[in-house]
Every structure is written in C-alpha cells, then in structure tokens.
Student: 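Quick one: this structure, given as structure tokens, is what I'll be asking you about.
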Amino acid sequence: MTAVQLSPEKIFKEVTNFNTKLVEGIKNLRGLGDLPSGVTEKEAVYSEDKLTLYHYKNPTGKEPANKTPLLIAYALVNRPYMTDLQENRSMIRGLLETGQDVYLIDWGYPDRSDRFVTMDDYINGYIDRCVDVLCERSGGGKVNLLGICQGGAFSLCYAALHPDKVRNLVTMVTPVDFQTEDNMLAHWIRNIDVDLLVDSMGNIPGDLMNWTFLNLKPYRLIAQKYIDMVDILDNPQQVHNFMYMEKWIFDSPDQAGEAYRQFVKEFYQQNGLIKGTVMLGGERVDLGDIKCPVLNVYAQDDHLVPPSASKPLKDYVGTKDYTELSFRGGHIGIYVSSSAQREVPPSIGKWLNKRG
Amino acid sequence: MANTSSAQQNGDWFSSQKQYWDNWFEQQRNFFGAAAGPQQGPQAQWAELLQTWQKALSGGQEADKMADVRQFQQYFTRAGEAYLGMLQQFYQGTGQAKPLNEMVQEWIESLKKAFAGQMDFSGMPGFPGMVAAGKDPFAALDPLNFFAGMPGIGYTREKQEQLNHLYQMWEAYQAKTRDYAASMAKVGLEAAQKFQDYVVHPPEGAAPLTSLKEVYAKWVDICEDIYARYAMTEEYTRLYGEVVNALMAFKKQQNKITDEVLDQFNMPTRAEADSLHKRLHALQREVAELKAALKPAAKKKPVVKKGKKK
C-alpha cells in the first residue's frame, strides 16, 4: 500500500488546471492597481523626525464613548497599517466601533540620519511626547496604551517608567520572556555578534529582517505559499486580498541601528525585560512597577512570538488586575482573519470600557 | 492504473500530451506576445510570470536590473520550478505508462540529487546587504589576487595589509557559507528519506495523497518538520551565527576600505556622515531635555494667556 494514489486522468486534469490558472493569473495581477496603506480616515495630529501621530475618525461619525484616548504603539518592524488593512479587516475600525478614541504612532521609515536613535529616544522620547499630546488634547492626565509585538515590549517599558500616565495597558502578541525553548528567533540570535552587525550595517535593512523571518519556515513561506497562490489567481478579489498582505509583509522599514543593538542585546540575548536589567534614560525598567490594569492578548499559533514568550507577563507585572485573552490563530491572523475581527477588538473594547 | 495501459493507449496518450503542450506554448506566446519558443517548458513560463509580476509591483521600474530583486527572483523561480518539475515529471511518467511507485521513486531520487549537490547558502538569495559586494568583490580591488597571502611592504604596507585582511575575511565567509550549505543539504536529504518512508509505509490511518498538490504539501510538511527541529539545535545556531558574523566582519572591513577610497577622491565618507549624525542626535536630545525642563513653566503660560484674553 502506497500513500500516493493518483490516476493519469487526475494528473492530466491537475496539470492543465494549474497551467490555465497561471496564465489567467497574469491578467489579474496586471489589473491590480494601487494598494492603499490603511483604509480608515485619519488625521495627522503630531509629527517629529520620521514619526507621525494619527487620530482615526469613526466612519459612523459617532463621538467616542470612552473619553480616555487609546494610543497604539506598533512594532518598528513592518508598518502599522496591518491594523487597518481593508474595510473588513481592520482592528482600528473594530476598536472605533467599541467607542474608543483611537490614535496610532507611525514610526515612518528610519534612514541613516536615524542611525543613533536609541530605545530611550523611542520610549522616553517619542512615545512620551505622543502621550503628552494626547493628554493635552483630551484634557485628561492619562492614556490607554496598546502595544503590538515589539511595540508591546516598548509599551511595557513605558508603563513601568511612567505609571502616572497610563490608565490601562493592552499588550498584543508581545514577547516578555525572550528565551523560551520554542522561540526560534531567540535561538538564532544567541551567537550573533550584534555589535559587529550594527557596526557593519549601520541601520539594519528591512530586507534582512524579512530574510530572517522567511527562514523561520522557508519551504512554506518562500515556495509553497506561491504555489498555493496559483489556486486563487483566477479570482480578482482573492488576488487583491493576497496582494494586500504581500504588500504589508514586505513593506519593511530599516531598523535604527542603536535601538536595534539595544533591543537584541538586552531583550533577546540577556532577557533583560524579565530580569529587570534593562536601563532606559538612566532608570531601570521594573515590570513590577506596572500597577495599572493589564490585558495581555496572545495568539496560540504564533511562530514569531510563541504564547510561552507572552504569558509569563502575569508573573512579573505589579498589577492585581491582569487578564489574558487567547486567540486561536497566528501572529498575523490575529489582525486580519475574520474570526479576529469578531473576537479581538470587541473584547479589547469591552475590557477598556469597563475600566474607563 | 497507468501500468496497465496498452500500447495503443500509450500512443493516444503521447499524442494528447503533445497536443496539450503545443496548445500551452501557443497560449503563452499569444499572451506574452514575446518570442517564447517551443523549446521553453512551463518552468520558463513560471519565470516569465514572476518577472511580469515583479515589474508590475515595482511601478514600472526595471526590477530585473536591480541586483537584489533579480537574486530573489531567481530563488523564487527555482521554488516554483521544483513544483512544476514535479508536475511535469509525473505527467510525462504517466504518459509513458510508468508504475506510480516508480514515478514517486524517481521524483524522490531527483530531490536527493538536488540536495546532495546543493552548495549555495541553502539556495537562498544573496544575504541582504551583500548586494553591493557582488559575487566577486575583489574584481575591482585586486583583480590578480596579488595581495592574497602576501605580507605588505613599503610605504603602502598598511593598505596592502588591509586588502589582505579583506581577502582573508572573504575566504572565511565562503568557508562558513559552505559549512552552512552542507548542513542544509543534510536536512534536505533527511527529508527526502523520510518522505520516501512515508510513501512506502504510510502511518496507519493516514489519508492517501490523491493529488500532486497533496504530494507536494506532504513533502513541504516533512521538510518544515525536519528543518524546524534542526534549526533549534546548537549545531544550527552555531553555524548560523558563524556565517552571519563572518559576513559582517567582511562587510565592516569592506566599509573601511571603501571610506579610504572615497577619502582619496576628496569625497565625504560614511565615517564622517556617522559622526555628523551622532553629533546632531546628541544635540537633538539636549534640546528635547531642555524643552522638557521648561515644560512646567510653559504649562503655566496658558493661565497667563487666558488672563490676557479675558
């Protein structure tokens, strides 16, 4: 008994079908047109260096029910429009619908003039000044902070160093323990001479980051994904959806060299966030100083930030109001899948509204 | 099944197959309007599709002239070719009335051969950031490899030493690359063996693979499984670190020499630009700190302004 059961007819049909779709597909690819970076109307309310702070408008025109502004801090890797990819795939819209007053930091594309921007600059500088802008606009003294992935780690640092300015903290797919057994990236980075890397490259190219991420699952992400793509090439809408994702995945800013050096060395190689050894602006980051309510959202099938890297947060924060939200999906699916739209923003909104 | 086909059926089969490919090539020629000769197989069409796609995405830029895009495209093309090659192999095998087991076995053997011969940084495109270095970074600097292994003498001694150093670093990187590629070839061979075992002795209750797509998907699953386990080992982590570190050491030395060449031409260097950025950044931080220090005073201002307005 062999595992392969094929007939000549089936093979013929399959090959014909594949080739036909391949040819048809080119027409659809050529007719794609421009792919926007984000779909919900927004206004730039502050900018500094490459950073722009956006305020989102509720498409329904409703005023936000929750008067505490919600600031989203995205990772430096990739672009934040992942949270607002398409009309029916937008975490931003989902949050607006729950009555949040949503702001988002767009870090922009660092170039060589940003080579010496440090983590201190990002957290005690850029994020803090954005928080001040929001406090001034809202007339309140605090914000709700939502950090995504690396932006979640930044948000944890910020909330620990500026507890007086954060009412509630939400972390999404955020690494906390950077040295869990199943964390492939953490394994790989162990023997990298990060000083040499940054000294040689200056900023770390976005392509290099992508190259690393693709290598986490090379056979699937570099080959099979595009073979599977042929299946949808004859469907313009599906091609459109595929390309939205493709554009986002490879729209990768370079990483400011010094911030990258510090993040990899102190967070990945030294696991400083949970060891309490990270120093920013001369102050030690102690997660125990986070006393505000915390919602930790993680994805069960996340291969970039495994749940085991996120869940230890509960053991280190100083708050008594700690909640976890587990989503059945991956690192990207938590923003774009249809089940994510149904589950994630409404749950976050409900959690925030309960706490003001 | 195929192995029971008669000679007559085989003749029909060959005829239909020829007709099919003829139609396919004609369709392609019409579509592309290009000189797609009949000698080109579906792999060539796959490459054509990808080129068209890349050009469309690059907004009319000539993507194929950009070195990094071209490198990735080549890899990407190879990835598709692996699947298309499989399709064609099975397709032709079926036409030749080969027993299915034989076709599967032939495919596995071709995979093994491919992995055994793989010596190119796991078949990945050039490491990002290496594009500027090119395949042979010494072609311009030292076309005769004169400096390799020679101690420097005379008043240009230091420069010779630096070039020598650069050459040694390139060789070290090449050696690490070979080690890495060899380890990845082992992963491929192990995957091919495991796939063969799966095909011949499928686990009890395993659903049969009833399409080439399923066969391919199973192959990818097995590759990923073996790779994921290997990529977490100390051996892989060490090799990965060594190849990246060797490349970065080369690149750092290359930057240094490039700066010296620029300096000789009275051009601004990277080191100078970095110094300027560093100073500017320090200044920006100082300004930000001063602004922050002035903030409490500034906060009082609106009260004064309010008073004035009233």
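Letters A, B, ... are given to chains in the order of the sequence lines, protein chains preceding strands, and every chain is numbered from 1. Model, not experiment: these values are computed from the prediction.
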Student: Once rounded to the nearest 0.5 Å, what's the spacing between atom OH of A:Tyr219 and atom CD1 of B:Ile222?
Tutor: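 If we round to the nearest 0.5 Å, A:Tyr219:OH and B:Ile222:CD1 are 12.0 Å apart.
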Student: Ignoring hydrogens and angles, state whether a donor on the side chain of B:Gln284 or A:Asp121 is under 3.5 Å from an acceptor on the partner side chain.
Tutor: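 No donor-acceptor contact under 3.5 Å links the two side chains.
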Student: How many angstroms lie between atom CD of B:Glu224 and atom CG of A:Leu221, to the nearest 0.5 angstrom?
Tutor: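 CG of A:Leu221 is found 7.0 Å from CD of B:Glu224.
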Student: Less than 4.5 Å apart, side chain to side chain, heavy atoms only: is that true for A:Phe116 and B:Asp274?
Tutor: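 Yes - at least one pair of side-chain heavy atoms lies under 4.5 Å apart.
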Student: Output the distance between atom CG (B:Leu247) and atom CG (A:Leu197), rounded to the nearest 0.5 Å.
Tutor: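 Reported to 0.5 Å precision, the distance equals 9.0 Å.
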Student: Which atoms of B:Ala249 are under 4.5 Å from chain A, going by heavy atoms: the side chain, the backbone, both sets, or neither?
Tutor: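 Contact with chain A: backbone and side chain both.
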Student: Indicate yes or no: at least one non-hydrogen side-chain atom of A:Arg190 is less than 4.5 angstrom from one of B:Glu234.
Tutor: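 A side-chain contact exists here, since the closest heavy-atom pair is under 4.5 Å.
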Student: Are the side chain of B:Asn245 and the backbone of A:Asn191 linked by a donor-acceptor contact shorter than 3.5 Å?
Tutor: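 The answer is yes, because a donor-acceptor pair under 3.5 Å joins these two groups.
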Student: A:Gln224 versus chain B, heavy atoms under 4.5 Å apart: side chain, backbone, both or neither?
Tutor: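 Contact with chain B involves both backbone and side-chain atoms of A:Gln224.
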Student: Using 0.5 Å steps for rounding, measure from the CE atom of B:Met248 to the OG atom of A:Ser200.
Tutor: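 That separation rounds to 6.0 Å.
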Student: With sequence neighbours excluded, what pairs up with B:Asp221 under the salt bridge (Lys or Arg N to Asp or Glu O under 4.0 Å) test?
Tutor: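 A:Arg220.
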Student: Taking the side chain as C-beta and beyond, is there a heavy-atom pair between B:Tyr240 and A:Thr212 under 4.5 Å?
Tutor: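 Sidechains of A:Thr212 and B:Tyr240: in contact.
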Student: Heavy-atom distance under 4.5 Å to chain B: side chain of A:Glu258, backbone, both or neither?
Tutor: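 Neither part.
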Student: Side chain, backbone, both or neither: which part of B:Ala206 has a heavy atom under 4.5 Å from chain A?
Tutor: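 No part of B:Ala206 comes within 4.5 Å of chain A.
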Student: Evaluate whether atom CD of B:Glu102 has more than 12 neighbouring non-hydrogen atoms of other residues, nucleotides or ligands under 6.0 angstrom away.
Tutor: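 Yes - once you tally the heavy atoms of other residues, nucleotides and ligands closer than 6.0 Å, there are more than 12.
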Student: Where do B:Tyr227 and A:Asn215 come nearest, in terms of heavy atoms and distance?
Tutor: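 Taking B:Tyr227 first and A:Asn215 second, the nearest heavy atoms are OH-O, 2.6 Å.
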Student: Taking salt bridge (Lys or Arg N to Asp or Glu O under 4.0 Å) as the definition, give me every residue that meets it alongside A:Asp120, ordered by chain and number, with sequence neighbours left out.
Tutor: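 B:Arg285.
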Student: Heavy-atom cut-off 4.5 Å, strictly under: side chain, backbone, both or neither for A:Lys217 against chain B?
Tutor: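 Its backbone and side chain both get close to chain B.
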Student: Tell me, side chain or backbone of A:Arg112 under 4.5 Å from chain B's heavy atoms, or both, or neither?
Tutor: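 Backbone plus side chain of A:Arg112, per the 4.5 Å heavy-atom cut-off to chain B.
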Student: Measuring heavy-atom distances to chain A, does B:Ala282 have an atom under 4.5 Å in its side chain, in its backbone, in both, or in neither?
Tutor: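 Neither part, no heavy atoms under 4.5 Å.
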Student: Looking at B:Ser211 and A:Glu14, what are the two nearest heavy atoms and their distance?
Tutor: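 For B:Ser211 versus A:Glu14, the nearest heavy atoms are CB-OE1, 3.3 Å.
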Student: Highest number of heavy-atom pairs under 4.5 Å with chain A: which of B:His277, B:Lys252, B:Glu242?
Tutor: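 Maximum pair count with chain A is reached by B:His277.
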Student: Less than 6.0 Å separating the ring centroids of B:Tyr236 and A:Trp188?
Tutor: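 Ring-ring flag for B:Tyr236/A:Trp188: true, centres closer than 6.0 Å.
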Student: Contact part of A:Ile189 toward chain B, heavy-atom cut-off under 4.5 Å: side chain, backbone, both or neither?
Tutor: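 Answer is neither: A:Ile189 stays 4.5 Å or more from chain B.
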Student: Which heavy atom in B:Met232 sits nearest to a heavy atom in A:Glu181, and how many Å separate them?
Tutor: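 Closest heavy-atom pair between B:Met232 and A:Glu181: CE-O, 2.8 Å.
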Student: Which bit of B:Lys213 comes within less than 4.5 Å of chain A, counting heavy atoms only: side chain, backbone, both or neither?
Tutor: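 Contact with chain A involves both backbone and side-chain atoms of B:Lys213.
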Student: Heavy-atom distance under 4.5 Å to chain B: side chain of A:Asp49, backbone, both or neither?
Tutor: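 Just its side chain gets close to chain B.
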Student: Looking at A:Leu196, A:Asp114, A:Asp199, A:Asn210, which one has more heavy-atom pairs under 4.5 Å with chain B than the rest?
Tutor: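 Answer, by heavy-atom pair count under 4.5 Å with chain B: A:Leu196.
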Student: Check whether more than 12 heavy atoms from other residues, nucleotides or ligands sit under 6.0 Å from atom CZ of A:Arg137, and answer yes or no.
Tutor: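 For A:Arg137, atom CZ is crowded (more than 12 foreign heavy atoms under 6.0 Å).
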Student: Nearest 0.5 Å, what's the CZ-NE2 distance between A:Arg115 and B:His281?
Tutor: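 Spacing of CZ (A:Arg115) from NE2 (B:His281) equals 11.0 Å.
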